Amino acid sequence: MAIYYYATDPDAADRIVREGFRDPAGAQWFEGAWLSGVILCDWPRRALGDHVLQVEVPASCDLSAYAIVEAGSVSEWCVPAARLNACAAVRLLTSDEIDEVLTRWSFVRRSRGS
C-alpha cells in the first residue's frame, strides 16, 4: 500500500529518506483529537512548496490500529515513527510522479462516484 507524507522543508524530506521518520514532539491537534505520531494520507495532495514522500507499506505491516476514520472511511493515519521505520520503504516523489498519482487517484474517485 502506498501512502504519502508531506514535508514543507526539503531538508526534512531528505533527512526522512536517509534516516527515517521521527515522532513530533508532543501531541498534535488533528481533526478534533490529540494524536501523536506521523500523519500520512492516501493521496499525494500537492501544495506549493511541499515535498511529497511515498511511504510503501507491505501487506504484512498492518496499520489499521492507526487509521483515522471519518465518515466511515479511512484516508489518513497517525503512525508511530518506529512502526513506519520498521516496515515501510520511503522515497521522494518527483513532480511528474505526483501528477501521475493524482491523475490516477482522481480517476478512481470519479469512477467510484466520490
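These figures come from a predicted structure and were not determined experimentally. The figures here come from the full heavy-atom set of this structure, side chains too, leaving out hydrogens, waters and symmetry mates.
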So how far is it from [X] [atom1] to [Y] [atom2], rounded to the nearest 0.5 Å?
X	Y	atom1	atom2	answer
H51	D9	NE2	CG	7.0 Å
D42	S75	CG	OG	5.0 Å
L40	Y5	CG	OH	8.5 Å

Nearest non-hydrogen partners of [X] and [Y], listed with the distance:
X	Y	answer
D14	L92	OD1-CD2, 4.2 Å
L84	F21	CD1-CD1, 3.8 Å
A81	D23	N-OD1, 2.8 Å
P58	C87	CD-O, 3.1 Å

Validation row: [X], [Y] side chains within 4.5 angstrom (heavy atoms):
X	Y	answer
V90	I16	yes
Q54	E97	no
I3	C41	no
N85	R83	no
I98	Y4	no
M1	V55	no

Step by step, work out the side chain to side chain contact (heavy atoms under 4.5 Å, CB included) result for R22 and R15.
CA-CA 10 Å; R22 295 181 191 164; R15 182 194 51 77; 3.2 Å; yes
Would you say the side-chain atoms of S64 and D62 include a donor-acceptor pair closer than 3.5 Å?
yes
Given L63 and V57, is the side chain to side chain contact (heavy atoms under 4.5 Å, CB included) satisfied, shown in steps?
CA-CA 9 Å; L63 298 183; V57 181; 3.9 Å; yes
Please determine whether side chain to side chain contact (heavy atoms under 4.5 Å, CB included) holds for the pair V38 and C78, giving the CA-CA distance in whole Å, both sets of side-chain angles, and the decisive distance to 0.1 Å.
CA-CA 5 Å; V38 178; C78 183; over 6 Å; no
